[in-house]
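For reference, positions follow the sequence shown, starting with 1. Predicted model, so just to flag it, every value in this text is computed and none were measured.
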Amino acid sequence: MSSLAAQAKEVMASLLPDDPKIKDLKRNMVHPTSSSQMTTDHGVKISDTDHWLTVSNGSNPGPALLEDQIAREKIMRFDHERIPERVIHARGAGAHGYFRVFDDRASKYTFAPTLTDPSRTTPIFIRFSTVQGSKGSADTVRDVRGFAMKMYTPEGNWDIVGINVPVFFIQDAINFPDLVHAMKPEPHNEVPQGQSAHNNFWDYVGLRPEAAHMVMWAMSDRTIPRSFRMMQGFGVNTFTLINAKGERHFVKFHYIPELGVHSLLWDEALKLAGQDPDFHRKDLEEAIKSGCLPKWTFAIQVIAEKDEHNFDFDILDATKVWPQDLVPLIPIGECVLNKCVDEFFPETEQVAFCTSHVVPGIGFSNDPLLQGRNFSYFDTQISRLGVNWEQLPINRPVCPVFNHHRDGAMQHKINKSTVNYHPNREDEVQPVPPHEGGYTEFMEKVIGMKQRVRTPKFQEHYNQAQMFYNSLKPHEKQHIIEAFSFELSHCDDERVYKRYTDLLNEIDFDLAKTVAMKVNGTIPDAPSREKYPKTDETLSQLYFAPKTPTIASRRIAILIADGFNMVEVTAVRAMIAGAKATCWIIGPRRGKIYSAGQSIGIGTCLVADHHFEDQRSTMYDAVYVPSGVEHAKTLKKTGRAIHWIREAFAHCKATGAIGEGVEVVKRALDTVEGVQLAGLRDDHSVVSSYGVVTAGKYDLSSVLTDIIKIAPGPTGFVANFAYEISKHRCYEREIEGLTDSVAY
């Protein structure tokens, strides 16, 4: 692990030197060392930081003196360390990286160099977040995830402030305060934290049917992601692109993860929230530091201005997607994260995004949600960070910034000038003509009457909610049913859960009926409306599975006890590491675990990374049990080890076993019918059944015949095991009822 980490560090270092934003941040970096001397904030060296100055006879404590500036500064600085928490998206994690386009294919739509110049590499910072919970909530709660990217371009900062689903709850920004109040903990008792399973949220969305489509996404697997690195990102709102001819196109922005779109199971997410509440944060850091850099393809959907009204929905409605069979995705570039933050607070906590921050070649539409966000985001950053928030290192542009804005709290700039206004006698800081790069708005003709209104196409709310549900695979539909059943069962006001089960019948009769039976809602007799026939295969997560199977960055737990087969484990670990996955040794204790034929305390061993009690299967993507007579005997009578295997199986994870390890798996799955396992034969035959891969033997000759290519069929144990891991989960276990017979 250490040599791999060192190699990864070298690779990362080679990617960073020319990053102008990293260079910019270094102006504010300090590097404390063992020779650094402690000082006060005003630079005076401190001789004692452990004792408050008092009046004392040396034998008894006396009164503390307020003249002790060192003590007062230390306490008062601590008292003021916190800044106002974000109202939403409070809990987040971020990283630095870069964006670049593949070629100039987007030039027909925009003249923005960042989207058209393949020779340019643009520094970026991406912050991922949950929405509902506070900074102290868990990573794995069911919630929409924020996906916000700041691009530091030579033309200025461009922020795309998105989420991991393509739509939103509301159409008009004026409803945003009500939505947030309803989804946050209830005001009388500040409960619940980090989840929407309560009366107020379901009361609100039940009374606002425009939220129906977004609620379907929120109840889907999308809101319990396996990793930030395995989420799609969406700009949600409709922006505009302007090309060199002055032509305008409407645009939506998309991020497609290299590793595919994958999620946790609900039971797994619930457990992880307690077992490892920082699971997603740690996953992001682990991937970057190990050299498996998170990567997304950046794509756009574009609609010519002349075609704006050629759809049965309004393209400016943030509760609607643009179906890809009507508006295809155009991949134009890639986003890569290659550097973790050096300090969380000044980077991840103080980074601030605004939908109104765009650069020449990119503009706004009349999307009513976007119009309000443009006001709100800028306003809230001033409230949280002060009027000079854009001077903070993480927020400041890498291009020159000149204007006549002055003063305000925490002003850092010193302007050497006698004038601070425009126009002025010195001709200082002049506006820039558009042909020299000055931002100019698209000249749009607007005719209308001042009124509060929602136009006709904004008043249809269920077609796309139906389309989303129609497009899902059987296991995805089952998960939505389970999610609604969980959430509505936590509502104790009958009016709330019955109203929402009534609303579900507008989307799907069978869905409404099943959920109503679960939560004691109103069971419908017939569908409320005609079924919407349209589907879109790109709405299912499985559509985005990598074309070439991969297990890069996947975490494999190897369960061992004293007496395991060292040769086998060494060979399997090496092959898995060759596919860029990580192996973690889990044993009865954290420390040396001795291989077969060795005396305890001496001889050949492996050092366990964790023991059975301090980690759980929820933290890994797969479980592998090697051979070894004594080791298998120990595991079979170790309840926690048996639970590891049962829980991993119930969460549909790949499970591998060899030789006597197969007997351990057989013991764990003794209540499950239908899973085929290899026998204790002295050969290398591989049996793969419902994601459980077993073999009678694995030795050096097995390695020679095993194939690095990840694939099923007549290949070796590792190739088959890796293939099952690459599928993420074996959902057939759920669909065919195998997981129902396991207690986990």
Side-chain angles (χ1 to χ4, degrees), residues 1-4 555-579 581-615 617 620 622-645 648 654-669 677-687 692-706 716-722:
M1 293 287 287
S2 58
S3 61
L4 286 173
R555 312 181 88 234
I556 290 86
I558 303 177
L559 307 188
I560 65 172
D562 294 312
F564 69 94
N565 185 328
M566 174 66 83
V567 173
E568 174 198 312
V569 171
T570 302
V572 171
R573 287 178 79 189
M575 294 197 71
I576 288 175
T582 60
C583 291
W584 304 81
I585 303 298
I586 315 295
R589 58 189 177 275
R590 185 179 182 180
K592 294 179 178 179
I593 312 295
Y594 294 88
S595 62
Q598 306 296 310
S599 299
I600 305 299
I602 58 174
T604 308
C605 66
L606 287 176
V607 176
D609 299 293
H610 297 282
H611 58 79
F612 297 134
E613 293 294 338
D614 87 294
Q615 296 270 290
S617 73
Y620 299 87
V623 173
Y624 155 54
V625 185
S627 63
V629 176
E630 295 304 317
H631 131 92
K633 285 181 180 178
T634 300
L635 293 187
K636 282 197 286 186
K637 59 185 180 184
T638 303
R640 183 60 71 189
I642 296 299
H643 181 265
W644 264 75
I645 299 167
T655 304
I658 297 173
E660 292 80 10
V662 179
E663 293 298 308
V664 181
V665 171
K666 185 176 180 181
R667 163 77 174 83
L669 304 182
L677 303 174
L680 282 174
R681 323 185 273 280
D682 194 24
D683 63 35
H684 310 102
S685 300
V686 178
V687 176
V692 179
V693 181
T694 54
K697 182 181 180 181
Y698 198 86
D699 54 22
L700 292 179
S701 64
S702 307
V703 176
L704 296 175
T705 58
D706 209 344
F717 170 81
V718 173
N720 276 276
F721 186 42

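- In this structure, Ile556 and Trp584 have side chains that are not in contact, with every pair of non-hydrogen atoms separated by 4.5 Å or more.
- Taking the side chain as every heavy atom from C-beta outward, Glu613 and Arg640 approach each other to under 4.5 Å.
- Contact of the Ile586 side chain with the His611 side chain is not registered, since no non-hydrogen atoms from C-beta on lie closer than 4.5 Å.
- To the nearest 0.5 Å, atom CE of residue Met566 and atom CD of residue Gln598 are 7.5 Å apart.
- Across Ser702 and Tyr698, no two heavy atoms sit closer than the pair OG-CA, 3.2 Å.
- Both tests pass for Arg555 against the ring of Tyr620: distance under 6.0 Å to the centre and angle within 45° of the axis.
- Counting heavy atoms from C-beta outward, Asp614 and Arg590 have side chains that stay 4.5 Å or more apart.
- When each of Leu606, Asp609, Ile585, Ile576 is tested with Ile558 by the rule side chain to side chain contact (heavy atoms under 4.5 Å, CB included), just one qualifies, namely Ile585.
- Across all their heavy atoms, Thr655 and Phe721 have their closest contact at C-CE1, 3.6 Å.
- Considering all non-hydrogen atoms of both residues, Val693 and Phe717 come closest at O-CE1, 3.3 Å.
- Minimum heavy-atom separation, Ala648 to Ser617: N-OG, 3.6 Å.
- Just one residue in the list Val664, Leu635, Val692 forms a side chain to side chain contact (heavy atoms under 4.5 Å, CB included) with Ile645, and that residue is Val664.
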Quiz item: Does the pair Glu568 and Ile658 meet the rule for a side-chain contact (heavy atoms from CB on, under 4.5 Å), with working shown?
Solution: CA-CA 9 Å; Glu568 174 198 312; Ile658 297 173; 3.5 Å; yes

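- Between Ser627 and Lys697 there is no side-chain heavy-atom pair separated by less than 4.5 Å.
- Inter-residue side-chain proximity for Pro626 and Val569 is flagged as met; some heavy-atom pair is nearer than 4.5 Å.
- When side chains are defined from C-beta on, Thr604 does not count as touching Tyr594, because their heavy atoms never get closer than 4.5 Å.
- Between Arg589 and Asp562 a salt bridge is recorded (basic side-chain N to carboxylate O distance below 4.0 Å).
- One distance of note links CG of Asn565 with CG of Asp699; it measures 8.5 Å at 0.5 Å rounding.
- Contact between Leu559 and Ala641 at its shortest, heavy atoms only, is CD1-O, 4.1 Å.
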Exercise. Please report the C-alpha distance between Glu630 and Phe564 in whole Å, then the side-chain angles of each, then the deciding distance to 0.1 Å, and finally whether the side-chain contact (heavy atoms from CB on, under 4.5 Å) criterion is met.
Key: CA-CA 7 Å; Glu630 295 304 317; Phe564 69 94; over 6 Å; no

Exercise. Tell me, with the steps shown, if Lys636 and Glu663 meet side-chain contact (heavy atoms from CB on, under 4.5 Å).
Key: CA-CA 8 Å; Lys636 282 197 286 186; Glu663 293 298 308; 4.1 Å; yes

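- Minimum interatomic distance between Phe612 and Ile560 (heavy atoms only, all atoms of both residues): CZ-O, 3.7 Å.
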